[in-house]
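What follows is a single structure, written as structure tokens, with notes after it.
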Amino acid sequence: MSTTSSPAASQTDQSSGSIDPIFHLVRALPFSFLRPPRLRLKLPSFTLPSPMTVYSLILLTYFMVVSGIVYDVIVEPPGIGSTQDRFTGAVKPVVFLPGRVNGQYIIEGLSSGFMFVLGGVGIVLLDLALEKNRAKSVKVSYASAGIAFVVISYVMSMLFIRIKIPGYLR
């Protein structure tokens, strides 16, 4: 007859077969009068955010991306520049960094990003104006605001490009 024992069985036998009375007392005594509490835990329930919340977060993210926030954090450009007038010697503030397509001041990025977002909101308003269940006055308001936003955004973006790159769109 051969007796083979596994290591796990020998560890269980050693802990329960201990001859130390203090070990058995410390192991059993606290659990003889202490009881675990009855917990009535509920799983947390998560509700989906409203569509307007999701749209606002996406629009904010889009604004941050097209404004060049990552560029501003990495490169740390000044908020606004300055140039000295050749004739009077007066220092004038400059919002756009002229001649450099791959560089920007912070205000330049924010204003360009705002124009892009304004154009996007104009397109959304034009889409809302096409819904059939809206009153005609609301549709006209949405359509006129949408057209105005898109036109303002386009004109200002072209102006920004003309300032940024002189002689480009002539």
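Please read these numbers as outputs of a predicted model, since none were measured by experiment. We count residues from 1, following the sequence as given.
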Q) Should V65 and I106 be counted in the same cluster of Ile, Leu, Val, Met, Phe, Trp and Tyr side chains packed under 4.5 Å apart? A) no

Q. Taking a hydrophobic cluster as the set of Ile, Leu, Val, Met, Phe, Trp and Tyr residues connected by side-chain heavy atoms closer than 4.5 Å, whether directly or through intermediates, do Y154 and I161 fall within one such cluster?
A. yes

Provide the closest heavy-atom pair for [X] versus [Y] in the form atom of the first, atom of the second, distance.
X    : Y    : value
L125 : A145 : CD1-CB, 4.0 Å
Q104 : K164 : CA-NZ, 4.2 Å
Y55  : V124 : OH-CG2, 3.6 Å
S67  : G113 : OG-CA, 3.5 Å
S157 : F116 : OG-CE2, 3.8 Å

For a quick test of your reading: what N or O donor-acceptor pairs under 3.5 Å do the side chains of residues 87-98 make, sequence neighbours left out?
residue: T88; atom: OG1; partner: D85; partner atom: OD2; Å: 3.1
residue: T88; atom: OG1; partner: A90; partner atom: N; Å: 3.3

(Q) Can you see whether S56 engages T53 through a side-chain donor-acceptor pair at a distance of less than 3.5 angstrom? (A) no

**Q.** Test item: M158 and V155 side chains (from C-beta on) under 4.5 Å apart, heavy atoms
**A.** no

Q: Compare all side-chain heavy atoms of I69 with those of F63 and state whether any distance is below 4.5 angstrom.
A: no

Q) Got a second to check how far L128's CG is from S141's OG, nearest 0.5 Å? A) 12.0 Å

Q: Identify, with sequence neighbours excluded, every residue that meets side chain to side chain donor-acceptor pair (under 3.5 Å) alongside S45.
A: none

Q: List, by chain and then residue number, the residues other than Y71 in its hydrophobic cluster (Ile/Leu/Val/Met/Phe/Trp/Tyr, side-chain heavy atoms under 4.5 Å); write none if there are no others.
A: V70, I74, V75

